[in-house]
Protein chains: 2
Amino acid sequence: MDLRRNHSVGIVQPQIARFQEPLALDCGRTLASYDIVYETYGQMNEARDNAILICHALSGDHHAAGYHAETDRKPGWWDSAIGPGKPIDTNRFFVVSLNNLGGCKGSTGPLSIDPATGKPYGPDFPIVTVQDWVHAQYRFMQRLGIDRWAAVIGGSLGGMQVLQWAITYPDALAHAIVIAAAPKLSAQNIAFNEVARQAIITDPDFHGGRYAEYGTIPRRGLMLARMLGHITYLSDDAMRAKFGRELRGGQIQYGFDVEFQVESYLRYQGSSFVDRFDANTYLLMTKALDYFDPAHGFGDDLSVALASVKASCLVVSFTSDWRFSPGRSREIVQALLAAGKRVSYAEIESNHGHDAFLVTIPYYHRVLAGYLAQIEGGSVA
Amino acid sequence: MDLRRNHSVGIVQPQIARFQEPLALDCGRTLASYDIVYETYGQMNEARDNAILICHALSGDHHAAGYHAETDRKPGWWDSAIGPGKPIDTNRFFVVSLNNLGGCKGSTGPLSIDPATGKPYGPDFPIVTVQDWVHAQYRFMQRLGIDRWAAVIGGSLGGMQVLQWAITYPDALAHAIVIAAAPKLSAQNIAFNEVARQAIITDPDFHGGRYAEYGTIPRRGLMLARMLGHITYLSDDAMRAKFGRELRGGQIQYGFDVEFQVESYLRYQGSSFVDRFDANTYLLMTKALDYFDPAHGFGDDLSVALASVKASCLVVSFTSDWRFSPGRSREIVQALLAAGKRVSYAEIESNHGHDAFLVTIPYYHRVLAGYLAQIEGGSVA
């Protein structure tokens, strides 16, 4: 095993949990049966009280840490934080990561066969919400024989799931760690999602979501959606630091080919995404973001929505995150305080924008590690 | 004339100036001949020293004030600021507004016939820069028999033209009013432009820019570009104030039709834009933005680039403008001060985002009117 894998959980194997009990969804439809693909890192202790659930963001999946094969170029998406001796320490915790329903990496989603028709769901896969995911994750927790998570942790859309967990299943988690999230999307957030959706939906290769039947992929639309997403994940400063106004060819071309480094970066990000992500899933994930609004059923008062919470909470934001700015995290903190809950808050200085939650920032990792170090139980011994 | 037209310049008639002298462009190509369409409001005085040039932004044109017909629903794009008794007072100034080269509203651009081929230029229209526009505007000024503008005024991309005027033709303007602009685009600004361009270029109806020959319009791409543009013109706050998270139908639909008010607004903006703007022109305008960098030939030192400036300058920014934030305007101010130039700066409190420069904000209009009131000459009498 080469050097970069020292501090890694090593080679991991995804597993599949099959559920035959129907799952009623917020949209009114029901999934008769479904699969959840997941990975685990570290070992469950005898008391079964050292399990941590990781919730993924828009384009994330179950592969959060380690490698699937010796030849993999990249580890899981949050390998920076999960592993032996890392902030989410697999020497101490049993870490569980899964792909959400509607995903495209193995859990039941638009690419899966609809048992009712024998054909892939495609655009007929039901709209899923953060609440639906949390219900599915709760069942999955029971399947693993876990009564209570030592912590549920997630960034961005993952952080929204953590918040929903704390509200919906207050007895099922000891700690909630909500990173770079928001209590609900702003109109601007929804607007960006809508442009991304329109890029996909208006792509002639989308065919109303039935592109698989037509042997096409809405490549252009998904690429545009991802390019746009990337702008919102990086801060203006991060882009300046990374690309400035550097010309790729050294001088102005007076044409429409790639000219500035930032264009080259975006086109690469967009184009490589198309090869590893499904357009119908992308649409579903953006809708789950738009719909998330836990205060909705509580007179639009988040502190009322949070009344049920029993978990201790850690809320983390990043100064240069303009997608979900520190102000949005402070709304969560203030609502938790107003509801009389235990909450710690860390605002991390960073110029990495929204993406900061995935970056190895020493102070951020010390906050995470320090918080997890003080939580009770959670030991392999 | 109905009430809303009180304080308007009334019915105006566009005019065309034809130029037979070749214009050498930054890209190395030459326009053998070209037309400039323009409008004027107010009267030139005998001293010919009361003329103000208005420079338009990305999707603007020569129709800045008044109405083309009694039946027009909307006046020109800056009617809020131009007219009798308004900040740019047509009782006192002779106001000139033109459509830039590469435009699609009457000046020579991609929709015009290329005399060399007898067919529309389409994508073969040369890339034009802010500097090229200013050269063309200077010739146009001479055609009007004006030696010096009392002021050159513009917002956004228009403000960049003003800055270029002050640098390139220092004796040809007494005052430069640069509103909601930046000394050059940031990587993030370029990134947004690149996504807009890719939306247009990858639209199958674009046909490499020869859509006219195919009888198509890259409707989807241009619509996406405009939707995206609109997000960057409004602040997050303005969107919240305007749309919040209001559902159009009153309740969640769990589908991909328009659901939130902000989606409805964006789709309308995108779709109506397609009927009044040309995709090739949109591409040219975004490139002019990307390339603008007056400090480039001066060791990347804006204050050195500004050494030639003789005009007195007013720089205006808006607090909630995140496309060209106040910080970008302060870069211009600081460079002008470092170069020992006369400059006034106003940072206007507003939650309208970048669009604020088009909005009737009392303090903003008082600043404009106050500045113009104190300038010498400029009287019809």
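Below, chain A is the first sequence line, B the second, and so on; all start at residue 1. Reckoned from all heavy atoms, side chains included, excluding hydrogens, waters and symmetry mates.
With a threshold of 4.5 angstrom between heavy atoms, B:Asn189 does not approach chain A through any atom at all. Looking at A:Thr286, there are no atoms closer than 4.5 Å to chain B (heavy atoms on both sides), in backbone or side chain. Looking at A:Asp290, both its backbone and its side chain come within 4.5 Å of chain B, counting heavy atoms on both sides. Within the 4.5 angstrom heavy-atom criterion, atoms from both the backbone and the side chain of A:Leu283 approach chain B. In this structure, the portions of A:Lys184 lying under 4.5 Å from any heavy atom of chain B include both its backbone and its side chain.
In this structure, the side chain of A:Thr30 does not engage the main chain of A:Pro22 through any donor-acceptor pair within 3.5 Å. Listed for the A:Asp321 side chain is a donor-acceptor partner under 3.5 Å among the backbone atoms of A:Phe324. Under the 3.5 Å distance criterion, the side-chain polar atoms of B:Lys287 are matched with a main-chain donor or acceptor of A:Gly255. A:Ser325 places no side-chain N or O within 3.5 Å of a backbone atom of A:Trp322 that could act as its donor or acceptor partner. Between the side chain of B:Ser320 and the backbone N or O of B:Gly353 there is at least one donor-acceptor pair closer than 3.5 Å. Looking only at distances, a side-chain donor or acceptor of B:Ser235 sits under 3.5 Å from a matching main-chain atom of B:Asn351. Between the side chain of A:Ser350 and the backbone N or O of A:His352, at least one donor-acceptor pair lies under 3.5 Å.
No close placement of the A:His354 and A:Phe318 rings is indicated, their centers lying 6.0 Å or farther apart.
Taking A:Phe192, A:Tyr291, A:Phe243 one by one and counting their heavy-atom pairs under 4.5 Å with chain B, the maximum is reached by A:Tyr291. For chain A, the option among B:Leu247, B:Ile231, B:Asp237 with the highest count of heavy-atom pairs below 4.5 Å is B:Ile231. The candidate from B:Met227, B:His296, B:Arg219 with the greatest count of non-hydrogen atom pairs under 4.5 Å with chain A is B:Met227. In terms of heavy-atom pairs under 4.5 angstrom with chain B, the leader among A:Leu25, A:Leu234, A:Asp26 is A:Asp26. Heavy-atom pairs under 4.5 Å with chain B were tallied for A:Gln188, A:Lys242, A:Arg29; the largest tally goes to A:Gln188.
Among the residues in residues 197-216 of chain B, those with a non-hydrogen atom closer than 4.5 angstrom to a non-hydrogen atom of chain A are B:Arg197, B:Gln198, B:Ala199, B:Ile201, B:Thr202, B:Pro204. Using non-hydrogen atoms only and a strict 4.5 Å limit, the part of residues 258-272 of chain B facing chain A consists of B:Glu259, B:Phe260, B:Val262, B:Glu263, B:Leu266, B:Arg267.
The line from CG of A:Leu111 to CG of A:Asn280 is 8.0 Å long, rounded to the nearest 0.5 Å. The distance from the CG atom of B:Leu185 to the CD1 atom of B:Ile190 is 5.5 Å, given to the nearest 0.5 Å. Rounding to the nearest 0.5 angstrom, the gap separating the OG1 atom in A:Thr232 from the CZ atom in A:Arg323 is 4.0 Å. For the atom pair CG (A:Leu163) and CG (A:Leu302), the distance works out to 6.5 Å, reported to the nearest 0.5 Å. For the atom pair CG of A:Asp132 and NE2 of A:His135, the computed distance is 6.5 Å after rounding to the nearest 0.5 Å. A:Asp278 CG to A:Ile217 CD1: the interatomic distance, rounded to the nearest 0.5 Å, is 8.5 Å.
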